[in-house]
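Letters A, B, ... are given to chains in the order of the sequence lines, protein chains preceding strands, and every chain is numbered from 1.
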Protein chains: 2
Amino acid sequence: MKVSELSAQSGVSVATIKFYLREGLLHAGLQTAANQADYDGGHVRRLRLIRALIDIGELPIAAVRAALTAVDDESTSLHDAFGAVMHGLDTVPPDDPAPDIAAARREVDAWLQRRRWKIEPDAPAPHALASAVAILRQFDFPVALAHFDEAAASAERSAEFEVGYARGMADRAAAVETMLIGTVVFERALAEIRRLALEAVSARIERQQGSGRRRRV
Amino acid sequence: MKVSELSAQSGVSVATIKFYLREGLLHAGLQTAANQADYDGGHVRRLRLIRALIDIGELPIAAVRAALTAVDDESTSLHDAFGAVMHGLDTVPPDDPAPDIAAARREVDAWLQRRRWKIEPDAPAPHALASAVAILRQFDFPVALAHFDEAAASAERSAEFEVGYARGMADRAAAVETMLIGTVVFERALAEIRRLALEAVSARIERQQGSGRRRRV
DNA sequence: GTATCTAGATAGTGCTACTATCTGTTGACG
DNA sequence: CGTCAACAGATAGTAGCACTATCTAGATAC
């Protein structure tokens, strides 16, 4: 397969494919001459993965590269490869967080311990959750970590399914790829469902109040 | 309050405050002289809102402006103001989506109808959900919209709580602001919880398989 | 046999979110 | 009263990101 065909099949422009090759996101094709190389279905699939991480997961190029490096490195365990993606999704926290975030962070850590969720010490997610909680409190939301227990239990169930599904795959590469896509794309899908629910509920209540109680807000 | 004090209280640099003033995200202070203006707690709060939308919601400046304009316009209903934020969260879909996305989109629309979720026709969320579904299928996930029924029911319950909470507020401005923050920040918090669940479950299973079955993956 | 395509290298673009500098006041302090 | 940092407002500049365009020299397709 020539680069023009790869471009056509993947929907990614030739210029961008070259860019990804340079950036080390896409491995080179099989070189057949000084200026000829042959690409295959693996390249198409890899390009789809890259585009999904960028478009859906909104990962920066550097994070995509880190994730794909972990995918390709056979010596990286499935869990560690997966961790590499997670780290790319969130931004790393500063060394000196604001006091209200630090307080929320301690609550988050205690909550994680209660749930028996073992999280890598330098994972960005606990900090991100603490930030969210701190901001909610700044805006007078009376929020406690316990409010998230139900969501956490539900997330745990679906995580068990997802991880089990990926682990059941034939080879490691497929398993890691599945974890990546699942993590990023399901997250997006669930977020969209939440947005849809909010819009639907908001519209319904607006209608009810608009007709019934004639209250303009 | 002078601009330096506003900067200190909000954690936003003076240069950035000026930038937000120029961009119309922050209303000017009360002018007391040709080069003096007085800012108050409302400015601090607004700056916090802006930073939350940018940092947590990752909205672009233009979307923040659109959202805040809707917040400030008393003639915009709470639901419409809220819709303005939602539109800023997702990117607008192209006119001619790929065929697999178009197919998924039809399923999404049917699903929404089954749920009796009334969604604005040009809302970006259904398209985003359809894209996610299409990508999952490209990677051989056997995904049907029905799989999201449980998540949707749960999202609907929490949306009812959120919208009710916001609607119960004293004045319209506070209600809209609460909707904004709630939408954006809770979404982030839930996403982080999902990531934490995935990491915890992945670590647990890795440990189990590592010791018990001696299977390196 | 010539028009098109190719790999690889280098340089440039468009966008976003700030950031820096300048100008002409103005208030605060000693 | 002087002076000096801080101020508002305007203009210009910057850094980072994700491409995109151009060029060269060689290969291919008809």
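By the side chain to side chain donor-acceptor pair (under 3.5 Å) test, T69(A) pairs with no residue at all, sequence neighbours left out. The side chain to side chain donor-acceptor pair (under 3.5 Å) check on D140(B) picks up nothing, with sequence neighbours excluded. Under the rule for a side chain to side chain donor-acceptor pair (under 3.5 Å), the partners of E160(A) that lie at least two apart in sequence or sit in another chain are R204(B). With sequence neighbours left out, E23(B) forms a side chain to side chain donor-acceptor pair (under 3.5 Å) with R65(B).
Near DNA chain C, meaning a heavy atom under 4.0 Å from it, residues 44-67 of chain B has R51(B), I54(B), P60(B), I61(B) in order of number. A heavy atom closer than 4.0 Å to some atom of DNA chain C occurs in K18(A), R22(A), these being the qualifying members of residues 12-30 of chain A.
No donor-acceptor contact under 3.5 angstrom links the side chains of S4(A) and S7(A), judged on distance only. No side-chain donor from either of W117(A) and E199(B) sits under 3.5 Å from a side-chain acceptor of the other.
Using a 4.5 Å heavy-atom cutoff, the side chains of L68(B) and R46(B) are in contact.
Under the side chain to side chain donor-acceptor pair (under 3.5 Å) criterion, the residue pairs touching residues 81-95 of chain A are D90(A)-R195(B), with sequence neighbours excluded. Pairs engaging residues 99-108 of chain A under the side chain to side chain donor-acceptor pair (under 3.5 Å) rule: D100(A)-Q138(A), R105(A)-D109(A), E107(A)-R137(A) [sequence neighbours left out]. For residues 174-183 of chain A, the side chain to side chain donor-acceptor pair (under 3.5 Å) pairs, not counting sequence neighbours, are R45(A)-E177(A). Residue pairs meeting the side chain to side chain donor-acceptor pair (under 3.5 Å) criterion with at least one member in residues 31-40 of chain A, sequence neighbours excluded, are D40(A)-H43(A).
The two atoms that bring V185(B) and I56(B) nearest to each other are CA-CG2, 4.1 Å, heavy atoms only.
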Enumerate all atom pairs, one protein N or O and one N or O from nucleotides 24-28 of chain C, separated by less than 3.5 Å.
residue, atom, partner, partner atom, Å
dG24(C), N2, N35(B), ND2, 3.3
dT25(C), O2, N35(B), ND2, 2.1
dT26(C), O4', N35(B), OD1, 2.9
dT26(C), O4', N35(B), ND2, 3.2

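Using a 4.0 Å cutoff to heavy atoms of chain B, the contacted part of DNA chain D runs 5' to 3' from dC7(D) to dT11(D).
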